[in-house]
Amino acid sequence: MKYFFLLLLLKLTSISVIGQVLPNARQLQWQAMETNLFVHFTVNTYTGKEWGDGTESPQIFNPVDFDAHQWTKAAKEAGFKMIILTAKHHDGFCLWQSKYTTHSVKSSPWKNGKGDIVKEVSDACREAGLKFGVYLSPWDRHEPTYGTNQYNDYYKNQLRELLTNYGEVSEVWFDGAKGENAKDMKYDFQGYWNIVRQLQPNAVLFSDIGPDVRWVGNEKGFAGETCWSTITTDGMDIGKADEKYLNTGDANGKSWITPECDVSIRKGWFYHESENTTVRTPQNLVDLYYKSVGRNGLLLLNIPPNRRGLFDDTDINAIKEMRSILNETFEKNLAKGKAIYSLTDNKLNTVITLQPNQIWELNFKQPVQFDRVLLQENIAKGQLIESLTIQYWDGTTWQNLCNATTVGYKKLIKTNLVETSKVRMKIHRAKGIVNLAEIGFFKASARE
Ligand code: FUL
């Protein structure tokens, strides 16, 4: 009889895992980075445009004080883990010494045409212990073969150069934009991806619909309040995907493709002096963190270098202050030492399991004050939570603190400031037995 129950239990446990869509090691590592930097840099920095038309002279590209170490120092100090560089934007100008075109740094006055921005940035990232990624725009308004199928070969050749000559590349960003003059041409995305898998098997592939990570459906940097890592891409096209669907994902999606929330620290993606007043405040950046990382996404924040090739101090100070505020807010988890150790050890693979409708309670022993809640699932076992409620004890009765839908890698919830000695949580709906990895209660920094 005992064995019967044991077998039944094993069976139930495995049912909860069978059928779940799971992330692979590459995707798990990627999401744990949480915040990465995007860097948009090309001839647009010198023309004031957002989209170059390909007729710009390479002679205008001259970042006289360019220093990749200034970028990596800022990224590192502000806790960003990777820099993704626009090796080529829609204007077709290449920031590296490509063999396949002269429309590049080769024809610029910078370092007498001998410089290579991709090399300097990838080297500096390695030195600083940061990951390095590339954005290589398929849309190319300069290249004469663009619009014909021959262009796919040109693009693949350039991709091979970037993935062969610059050490480890950890992410490749495939933008879906396409020119009006390319109606009859099809980007060979599958062919591009095969090259990445072959040359950089650990690199994460971004496009609107994956295959590894997806677009979040807006350029404002926020994921849906309900945000599933799973989507079904059948019948979807890059450049034409349903933005709302990408934003919230799909509880029943067939593939694990977490959203990346790309957003610029300024109005535009490129540096324009006229937009110096649009740099986001640290508080605004903290809010973006809540709405991206805190909603099961990854924040990809763009900082465009200026004409001298440097990040502006305003931008650097904003990201540093953002990190300092986040560190202060999340420094002291009030559940530490009160909840079971595995829930506050910052490890996703040490968990407690919870059944839907089971009540989990935490006694702080003495009154504490908080206004932020953190939850994390062990996503290596899937994303399971669909809805939950947390309540606090006001001394007489249980009061609602917050409701939430999905959790996934991380859920951050802002609540009213409460003082209490007890909280309890009930998961109403879940796709199986939940692996709760972390729980936290915090008092926000006064600088938020
Ligand atoms: C878009 C581009 O058109 C923008 O210029 C920018 O690079 C953004 C990240 O992706 O599709």
Side-chain angles (χ1 to χ4, degrees), residues 26 28-42 45 63-87 95-97 105 110-111 115-136 161-173 196 199-204 206 213 260-266 269 271 279-280 282 285 288-289 292-293 298-306 308-327 330 346:
R26 207 170 33 223
L28 281 173
Q29 249 194 3
W30 174 84
Q31 194 161 6
M33 288 193 280
E34 293 199 354
T35 52
N36 292 336
L37 279 193
F38 217 175
V39 176
H40 274 65
F41 196 27
T42 182
T45 312
V64 282
D65 296 321
F66 168 70
D67 176 9
H69 295 98
Q70 190 238 17
W71 304 6
T72 53
K73 184 167 181 279
K76 188 91 190 168
E77 284 178 6
F80 289 80
K81 302 287 193 259
M82 166 150 62
I83 291 184
I84 301 180
L85 173 67
T86 55
L95 294 183
W96 79 102
Q97 300 272 337
V105 280
W110 178 62
K111 297 199 170 175
D116 188 329
I117 302 268
V118 175
K119 173 141 184 40
E120 294 202 30
V121 176
S122 56
D123 284 349
C125 281
R126 236 181 328 275
E127 257 175 62
L130 296 170
K131 304 266 185 211
F132 172 69
V134 290
Y135 169 115
L136 182 68
E161 287 184 317
L162 291 171
L163 301 180
T164 311
N165 301 333
Y166 299 96
E168 183 168 16
V169 174
S170 299
E171 181 164 342
V172 186
W173 226 85
V196 183
L199 297 174
Q200 297 279 347
N202 296 323
V204 161
F206 168 98
V213 301
E260 176 160 293
C261 309
D262 61 319
V263 60
S264 186
I265 196 167
R266 289 158 171 260
W269 292 99
Y271 182 93
V279 178
R280 290 172 185 269
L285 295 174
L288 279 182
Y289 179 86
S292 53
V293 179
L298 179 141
L299 177 61
L300 180 64
L301 179 69
N302 178 65
I303 301 194
N306 59 26
R308 291 161 58 211
L310 297 172
F311 291 169
D312 261 13
D313 284 345
T314 326
D315 307 48
I316 295 178
N317 293 336
I319 56 170
K320 275 200 199 158
E321 178 70 1
M322 168 202 91
R323 183 62 60 182
S324 154
I325 295 172
L326 287 172
N327 287 346
F330 294 106
N346 287 321

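Please read these numbers as outputs of a predicted model, since none were measured by experiment.
Smallest separation of non-hydrogen atoms from P305 and W71: CG-CZ2, 3.5 Å. Nearest heavy-atom pair across G167 and Q200 is O-NE2, 3.0 Å. What you find for A75 and L37 is that their closest heavy atoms are CB-CD1, 3.7 Å. Heavy atoms only, all atoms of each residue included: E120 and A68 are closest at O-CB, 3.5 Å. Minimum interatomic distance between F41 and P63 (heavy atoms only, all atoms of both residues): CZ-CB, 3.8 Å. In plain terms, the two heavy atoms of I319 and A74 that are nearest each other are CD1-O, 3.8 Å.
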Let me see the working for L130 and M82 under side-chain contact (heavy atoms from CB on, under 4.5 Å), right down to the final yes or no. CA-CA 5 Å; L130 296 170; M82 166 150 62; over 6 Å; no
V121 vs F132, test: side-chain contact (heavy atoms from CB on, under 4.5 Å). Steps then yes/no. CA-CA 8 Å; V121 176; F132 172 69; 3.8 Å; yes
L301 vs V263, test: side-chain contact (heavy atoms from CB on, under 4.5 Å). Steps then yes/no.
CA-CA 5 Å; L301 179 69; V263 60; 4.0 Å; yes
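Below 30°, between 30° and 60°, or above 60°: for F38 and W269 the angle between ring planes is above 60°, a perpendicular geometry. Classified by interplanar angle (parallel below 30°, tilted 30° to 60°, perpendicular above 60°), the ring pair Y135/W173 is parallel.
Between atom NZ of residue K81 and atom CD of residue E34 there is a gap of 8.0 Å, rounded to the nearest 0.5 Å. Between atom CG of residue L95 and atom CG of residue L136 there is a gap of 10.5 Å, rounded to the nearest 0.5 Å. A distance of 11.5 Å separates CZ of R26 from OG of S170, quoted to the nearest 0.5 Å. Between atom CH2 of residue W96 and atom CG of residue N165 there is a gap of 10.5 Å, rounded to the nearest 0.5 Å. One distance of note links CG of D67 with CZ of R308; it measures 11.0 Å at 0.5 Å rounding. Note that CZ of R266 is 6.5 Å distant from OG1 of T314, once rounded to the nearest 0.5 Å.
Evaluated for a side-chain contact (heavy atoms from CB on, under 4.5 Å) with V169, the options V118, I84, L163, L199 yield exactly one hit, L163. Applying side-chain contact (heavy atoms from CB on, under 4.5 Å) to Y271 and the options D312, D315, I303, L310 leaves one that passes, D312.
Proximity of L298 to V213: side-chain heavy atoms (C-beta onward) are nowhere separated by under 4.5 Å. Using a 4.5 Å heavy-atom threshold, the side chains of I316 and Q70 count as touching.
Q97 meets the side chain to side chain donor-acceptor pair (under 3.5 Å) test with no other residue; sequence neighbours excluded. With sequence neighbours excluded, the residues satisfying side chain to side chain donor-acceptor pair (under 3.5 Å) with R323 are T35. T42 is linked by a side-chain contact (heavy atoms from CB on, under 4.5 Å) to N44, H89, D91, F93, F270, counting only residues two or more places apart in sequence or in another chain. By the side chain to side chain donor-acceptor pair (under 3.5 Å) test, W30 is found to be paired with E171, E260, residues two or more places apart in sequence or in another chain being considered. Shown here are the side-chain contact (heavy atoms from CB on, under 4.5 Å) partners of D123, two or more places apart in sequence or in another chain: K119, R126. Residues meeting the salt bridge (charged side-chain N to carboxylate O under 4.0 Å, His left out) test with R280, sequence neighbours left out: none.
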